Amino acid sequence: MKNRREKQEEKIYILKVAISDVFGRVKGTPHRILAIPERFTLYGLAEKIINAFDFDFDHCFGFFDNLKIWAKSNECYELFKDLEKEQGLEPTHCKSVKKTKIDGVFNKIGKEMLFLFDYGDEWRFIVELKGIESPKQDTKYPLILESVGDAPLQYGEIDED
């Protein structure tokens, strides 16, 4: 999705995204603060998160309200839902990431969701809504407002041999 200037009536969602461990802890981990237009879907948000951490956007993913045990979430959105008909997958109780806009999920300041990327390696990110603002004049969105810490290598050490 291309960056563009937003209309003044559109809102910008300020989201903190931090790499988490399996217990939902984020202390001392790298994080990014993203400014994302409300028109973005969860699919678009996922793409921007992955780009912000210099990962390849090459795996399935989902957003879950249970930060520790994602499989026990009441509120969830998965790419698998979008692939059910296309690839003949088993139905999931989760909702679509391609049809759900971020303003429908991140509906109050402080709300957190687990963004799980790559069900094999289980990269875990805690996404928290920090604020909702009007777009700044002459600014193109989405953008990274803050980048703290080095992102880990997605696929571990690179072997020179």
Side-chain angles (χ1 to χ4, degrees), residues 1-20 24-26 29-86 91-119 122-149 151 154:
M1 213 174 257
K2 279 180 68 172
N3 291 16
R4 71 172 199 192
R5 288 185 186 86
E6 300 305 310
K7 295 176 184 161
Q8 205 54 38
E9 65 272 8
E10 292 183 283
K11 296 298 178 197
I12 302 300
Y13 281 62
I14 308 303
L15 298 156
K16 180 178 182 180
V17 182
I19 293 180
S20 167
R25 296 182 298 221
V26 296
T29 64
H31 75 266
R32 308 292 183 258
I33 306 288
L34 306 178
I36 307 288
E38 67 183 335
R39 66 180 162 79
F40 266 54
T41 62
L42 292 178
Y43 185 91
L45 173 59
E47 188 173 23
K48 293 305 173 188
I49 292 170
I50 292 307
N51 289 341
F53 285 90
D54 296 319
F55 282 18
D56 293 328
F57 193 55
D58 59 355
H59 291 281
C60 284
F61 57 87
F63 290 85
F64 305 91
D65 69 346
N66 189 321
L67 305 182
K68 296 177 184 174
I69 306 172
W70 60 269
K72 292 189 176 183
S73 290
N74 293 317
E75 180 184 7
C76 58
Y77 308 85
E78 287 187 300
L79 182 59
F80 290 125
K81 184 66 173 180
D82 298 292
L83 300 175
E84 280 178 8
K85 289 180 184 171
E86 180 183 312
T92 173
H93 73 283
C94 296
K95 296 178 183 173
S96 165
V97 294
K98 289 187 175 181
K99 295 178 182 174
T100 305
K101 296 197 186 271
I102 63 169
D103 63 347
V105 176
F106 293 96
N107 49 14
K108 64 179 180 177
I109 304 300
K111 181 170 182 182
E112 294 180 325
M113 294 288 283
L114 170 68
F115 169 56
L116 179 70
F117 179 74
D118 184 350
Y119 290 82
E122 287 198 12
W123 284 102
R124 295 165 178 259
F125 303 82
I126 303 297
V127 182
E128 178 185 4
L129 178 61
K130 300 300 271 182
I132 301 173
E133 303 176 350
S134 295
K136 293 183 175 47
Q137 197 168 8
D138 297 324
T139 301
K140 291 184 178 182
Y141 295 94
L143 60 92
I144 299 172
L145 298 175
E146 180 178 287
S147 180
V148 175
Q154 182 178 2

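These numbers come from a predicted model, not from an experiment.
Atoms CG and CG, on Leu15 and Leu145 in that order, are 10.0 Å from each other to the nearest 0.5 Å. Note that CZ of Phe57 and CD1 of Ile50 are 7.0 Å apart. Values are rounded to the nearest 0.5 Å. With values rounded to the nearest 0.5 angstrom, Ser20 atom OG is found 10.0 Å from Leu116 atom CG.
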Show the numbers, then the answer: is there a side chain to side chain contact (heavy atoms under 4.5 Å, CB included) between Glu10 and Tyr141? CA-CA 11 Å; Glu10 292 183 283; Tyr141 295 94; over 6 Å; no
Show the numbers, then the answer: is there a side chain to side chain contact (heavy atoms under 4.5 Å, CB included) between Glu128 and His31?
CA-CA 11 Å; Glu128 178 185 4; His31 75 266; over 6 Å; no
Could you walk me through whether Ile49 and Phe125 pass side chain to side chain contact (heavy atoms under 4.5 Å, CB included), step by step? CA-CA 9 Å; Ile49 292 170; Phe125 303 82; 4.2 Å; yes
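Under the rule for a side-chain hydrogen bond (donor to acceptor under 3.5 Å, both in side chains), Asn51 has no partner lying at least two apart in sequence or in another chain. A search for ring pair (Phe, Tyr, Trp, His ring centres under 6.0 Å) contacts involving Tyr13 returns nothing, not counting sequence neighbours. For Phe64, the ring pair (Phe, Tyr, Trp, His ring centres under 6.0 Å) test picks out Trp70, with sequence neighbours left out. Annotation: side-chain hydrogen bond (donor to acceptor under 3.5 Å, both in side chains) contacts of Glu112 (sequence neighbours excluded): none. For the ring pair (Phe, Tyr, Trp, His ring centres under 6.0 Å) test, no residue two or more places apart in sequence or in another chain qualifies with Phe106. Residues passing the disulfide bond (SG atoms under 2.5 Å apart) test with Cys60, sequence neighbours excluded: none. In this view, Asn107 satisfies the side-chain hydrogen bond (donor to acceptor under 3.5 Å, both in side chains) rule with no residue, not counting sequence neighbours. With sequence neighbours left out, the side-chain contact (heavy atoms from CB on, under 4.5 Å) criterion links Glu75 to Asp65, Tyr77, Val105, Lys111, Met113. Residues satisfying the side-chain contact (heavy atoms from CB on, under 4.5 Å) test with Ala52, not counting sequence neighbours, are Arg32, Leu34, Ile144. Residues satisfying the side-chain contact (heavy atoms from CB on, under 4.5 Å) test with Ile109, not counting sequence neighbours, are Leu129, Ile132.
Using a distance-only test at 3.5 Å, with no hydrogens or angles considered, a donor-acceptor pair links the side chain of Thr29 to the main chain of Ile19. In terms of modelled atom types and a separation under 3.5 Å, the side chain of Glu38 and the main chain of Lys11 share a donor-acceptor contact. Counting only distance, with no hydrogens or angles, the side chain of Gln154 and the backbone of Asp56 share a donor-acceptor pair below 3.5 Å.
Residue Asn66 comes nearest to Ile69 through the heavy atom pair OD1-N, 2.8 Å, listed as atom of the first residue, atom of the second, then distance.
Taking the six-membered ring for Trp and the full ring otherwise, the centers of Tyr119 and His59 sit at least 6.0 Å from each other.
If you run side chain to side chain contact (heavy atoms under 4.5 Å, CB included) between Ile12 and each of Pro135, Ser134, Pro142, only Pro135 comes through.
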Which atom pairs, one a donor and one an acceptor, fall under 3.5 Å between side chains of residues 91-102 and the rest of the protein, sequence neighbours left out?
unit_1	atom_1	unit_2	atom_2	d
Thr92	OG1	Glu78	OE1	3.0
Thr92	OG1	Cys94	N	3.2
Ser96	OG	Asp82	OD1	2.4
Ser96	OG	Asp82	OD2	3.3
Ser96	OG	Lys98	N	3.0
Ser96	OG	Lys99	N	2.9
Thr100	OG1	Ser96	O	2.5
Lys101	NZ	Arg39	O	3.2

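Between Tyr43 and Phe61, the ring planes are tilted. Angles from 30° to 60° get that label. Ring orientation note: the planes of Phe55 and Phe117 are tilted relative to one another, at an angle of 30° to 60°.
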